[in-house]
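One-based numbering along the sequence shown. In listed order, ligands and their atoms are each counted from 1.
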Amino acid sequence: MNDITVVPVPALVEPSNATFELRADAAIRSDSASTGAYLAEALRPATGFALPVEAAHPHPAIELRLVEHGSDEGYELVVEADGIVVRARTEAGLFYGVQTLLQLLPSSVDAATVQDGPWTVPGGRIADEPRFSYRGAMLDVARHFFGVEVVLRFIDELSRYKINVLHLHLSDDQGWRIAIESRPQLARVGGATQVGGAGGGWFSQADYARIVAHAAARHVTVVPEIDMPGHTNAALHACAELNDDGVAPAAYTGVEVGFSTLVVGREETYAFVRDVLAEVAAITPGPWLHIGGDEAENTSAEDYRTFMARVQPMVTALGKTVVAWHQIGPAEREPGRIAQYWGAKPEPDEDLLAALAQGDRILLSPADRVYLDMRYTAETPIGHDWAGYITTRTAYDWDPDTLLPGPCDIAGIEAPLWTESVATVADIDLLTFPRLPAVAEVAWSPQARRDWAGFRARLAAHGPRWTLRGVAFHPDPTVF
Ligand code: TNX
């Protein structure tokens, strides 16, 4: 295990001189039917082996064991010449042990067709657990819509890097992307277009359920975001009754921000918010509901606080925890809420300071580090640059503990992908890989285990894997 290329780097690695070889007659014994099946399905195409999964095989080559001890997401992986054992207290931990094991095999294991072996794994012991319990990625399906299959594939890729939250930005000026049964015009009318005009679309509640289930099977929790009171042109366009004059604005297909607002003094606004949040909460098994709150530039500060003072308790009453962009800071604090910091250094941000002063938990999405929509360099064909260029190294080389002024309760890290300029799966891949794995390591691995030179060497080994999996990553010349 001296030269392993596992990303995120495990907390502890103890190499041995042993080598394990997976052979055609290998069986998997698993205490978890789902994780056993996941592993076998990941191994079968390239190895061509049958790899039966059984709860009680007498001589398994690979054992996945649920045990009494261990942390919530931790695992232990022991590789000896005659077998491999993964132990974890939870199903999530077992799944992460399996991800590590897959990365210990030759990269050709990711091929879709049978390859030559030998399928060797270096011997030793790994003991691993995450630094942060919230390790997220965000996909904006509002500016450009992406269908279920694209989202499922995105989940597959992020879960390989032990990311465990998918935040879906479901509404914005350019589109409303989740069906609300009590207000069908929201998605039907509000979801009909996207940036540039043509296209658009939305998730039925059955579509959303498929996403949530696929994510859950990979230990990923979905956080739905309904952005309010700004970023609401699509809703105002779909529902004339939300407008003071009863006249719906035109659909918006540009890329400006900050012009729209729900009408804070109008009762109909709160009936709408209540209906929407109730349905979104009902179809979301995870604990979080994101209510946006960013860039409400057309809402007065007083109106903003009035609005949030009414909306936050609705979320709590639905049994969910409020998540909002850090502009929520000055609004009355809802117990337990999470403020998502998306600033870029160095200016001290008053809204952030207000959130910190109120004792909000903070989710770190520093725009100059982890915004996947920023260009890598001036040459990157798509993306923004308002927070600067973000090379893979920039995304990697920072310490969450020293980012903010003073101590605070950090919930974790999330890398958002805004999609004003992201229109295809290839666009998603280009901006996401290899930077998301860099952020995943920031969120998972102990700071003391991380350094750019080591990361770069490990990350480079993932290029061939992405190629085999059809991921159109950016061949960042500082890495590959
Ligand atoms: C700011 S980040 C926004 C988004 C844009 C993004 C583009 C945040 C909470 N709001 O509306 O898409 O910049 O980088």
With atoms numbered from 1 as shown, which atoms in ligand 1 lie under 4.0 angstrom from a non-hydrogen atom of [X]?
X	value
Trp386	7 (C), 13 (O), 14 (O)
His231	11 (O)
His384	7 (C), 14 (O)

Can you label the angle between the Phe480 ring and the Trp466 ring as parallel, tilted or perpendicular, going by 30° and 60°?
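Aromatic pair Phe480/Trp466 classed perpendicular.
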Please give me the minimum heavy-atom distance between Asn164 and Glu73, naming the atom from each residue.
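Taking every non-hydrogen atom into account, ND2-OE2, 3.0 Å.
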Specify the closest pair of heavy atoms between Thr299 and Pro229, including all atoms of both residues, with the distance to one decimal.
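Heavy-atom minimum between the residues: OG1-CG, 3.9 Å.
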Between [Y] and [X], does any NZ, NE, NH1 or NH2 come within less than 4.0 Å of an OD or OE carboxylate oxygen?
X	Y	result
Glu157	Arg469	yes
Arg153	Asp429	yes
Arg274	Glu267	no

Give the single entry among Leu372, Thr419, Asp373 that approaches atom 14 (O) of ligand 1 most closely by any heavy atom.
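Going through Leu372, Thr419, Asp373 one by one, Asp373 has the nearest heavy atom to atom 14 (O) of ligand 1.
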Under a plain distance cut-off of 3.5 Å, with no hydrogens placed, do Ser171 and Glu225 share a side-chain donor-acceptor pair?
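Not at all, the side chains of Glu225 and Ser171 share no donor-acceptor pair under 3.5 Å.
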I'd like to know if Met374 contacts ligand 1, where contact means a heavy-atom distance under 4.0 Å to any ligand atom.
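The answer is yes: ligand 1 sits under 4.0 Å from a heavy atom of Met374.
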Is [X] in polar range of ligand 1, meaning some N or O pair under 3.5 Å apart?
X	result
Glu420	yes
Arg143	yes
Trp418	no
Asp294	yes

So which protein heavy atom does atom 1 (C) of ligand 1 come closest to, and at what separation?
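Of the protein heavy atoms, Glu295 OE2, 3.4 Å lies nearest.
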Which residue supplies the protein heavy atom nearest to atom 2 (S) of ligand 1, what is that atom called, and how far is it?
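Heavy-atom neighbour on the protein nearest atom 2 (S) of ligand 1: Tyr371 OH, 2.4 Å.
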Within 45° cone of Tyr270 ring axis and under 6.0 Å: Arg310 NZ or CZ:
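Judged by the rule (NZ or CZ under 6.0 Å from the ring centre, within 45° of its axis), Arg310 counts as positioned above Tyr270.
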